Amino acid sequence: MNQIKQIYDILAKFYAPQHWWPVTSKGKANPEYCDGPKNEKQELEVIFGAILTQNTSWKNVEKAIINLNKKNLMDAIKIIEIDNKNLAEMIKSSGYHNQKAKKLKNFCAFLLKNYNGSLKNLFGNELQKLRDELLSVNGIGPETADSIILYAAKKPIFVVDAYTGRIWSRITYDEKNNEKSYEGNYGKLQKLFMESLEQDTQLFNEYHALLVELGKNICKKKPLCENCPLNEMCGYAKNRNF
DNA sequence: GCCCAGGCTTAAA
DNA sequence: TTTAAGCATGGG
């Protein structure tokens, strides 16, 4: 078994199932209702969440999502119609709110113009075409695009994030690889993970979520190697005598 | 007060 | 083609 699969198995035993992507219900964050979107409105919520969580903790995003739901703004046309300042104020808690307000509008304008406002139409594209389309929107980069593809469109693509880079850099840490060898190398990491695993949406879903959990709580900037289920296979942990 | 968070764009070297 | 600055709130 390759190391990437091995890591998944260890994490899946170490942590409970993650049930990503979290979706709110009835205007509230609802932890019982978080196995991904069930309709287009919730798919749109996943997309907005993916944009709002750029370089931002989910806690701060959740408040913004709740606000949008309360004002009935999970709707591409309504987002286009509301003015920038109003929208920015609504999503203030998610940080970079002025930029992110524009990003939400950019996506909605794109959806209305090219796909008649229909996510079903957009998601009808082949995976690669869908990715290219998403990346053409100003404000959507590789991680946001892939999150949308995996968690809203439910097509198999591996989402790489800062945690993935940090964790893999530390696992492979040795004389040649330093602690940041794989940071900021999106394509290389994505290829590595996708070539090591079956192309399975649910697997990619859970794996990414597990890496986030590990990155947030154990493999932090200052890592807690003593608590880490991967420390026996981790070059960085070994180097620190764990 | 300082550090960090589920990135992306733009402009300069 | 790589690197830096700017964006900004909220929690530890």
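These numbers come from a predicted model, not from an experiment. By convention in this document, chain letters (A, B, ...) are assigned in the order of the sequence lines, proteins followed by strands, and residues within each chain are numbered from 1.
Between A:Arg166 and B:dC4 there is no side-chain polar atom (N or O) within less than 4.0 angstrom of OP1 or OP2.
Put simply, NZ on A:Lys180 is 12 Å from P on C:dT3, counting in whole angstrom units. When rounded to the nearest whole Å, the span between NZ of A:Lys220 and P of B:dC2 equals 21 Å. With rounding to whole Å, A:Glu213 atom CD is found 14 Å from B:dA5 atom P. If you take CD of A:Glu183 and P of B:dG7, they are 12 Å apart, rounded to a whole angstrom. Across the protein-nucleic acid pair, A:Gln54 atom CD and B:dT9 atom C1' stand 10 Å apart, rounded to whole Å.
Screening residues 183-201 of chain A for salt bridge (charged side-chain N to carboxylate O under 4.0 Å, His left out) gives A:Lys5-A:Glu198, A:Lys191-A:Glu195 as the qualifying pairs, with residues at least two apart or on separate chains. For residues 138-165 of chain A, the set of pairs meeting the salt bridge (charged side-chain N to carboxylate O under 4.0 Å, His left out) definition, not counting sequence neighbours, comprises A:Arg131-A:Asp146. Counting only residues at least two apart or on different chains, the ring pair (Phe, Tyr, Trp, His ring centres under 6.0 Å) pairs with a member in residues 217-242 of chain A are A:Tyr173-A:Tyr236.
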Per-nucleotide protein contact string for nucleotides 6-12 of chain C (B base, S sugar-phosphate only, - none; heavy atom under 4.0 Å)
-BBBSS-
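No contact: A:Ala50 has no heavy atom under 4.0 Å from any strand.
Applying the ring-ring contact (aromatic ring centres under 6.0 Å, His included) rule to A:Tyr115 yields the partners A:Phe110; only residues at least two apart in sequence or on another chain are considered.
The residues A:Arg170 and A:Glu179 are annotated as salt-bridged, a charged nitrogen and a carboxylate oxygen being separated by less than 4.0 angstrom. Under the 4.0 Å criterion applied to side-chain N and carboxylate O atoms, A:Glu89 and A:Lys85 are not assigned as salt-bridge partners.
You'll find the ring centres of A:Trp58 and A:Trp21 inside the 6.0 Å limit. Taking the six-membered ring where the residue is Trp, the centroids of A:Phe193 and A:Tyr207 are separated by under 6.0 Å.
Within residues 128-141 of chain A, the residues that place at least one heavy atom under 4.0 Å from DNA chain B are, in residue-number order, A:Val137, A:Asn138, A:Gly139, A:Ile140, A:Gly141.
Between the P atoms of C:dA8 and B:dT10, the separation comes to 14 Å (whole Å).
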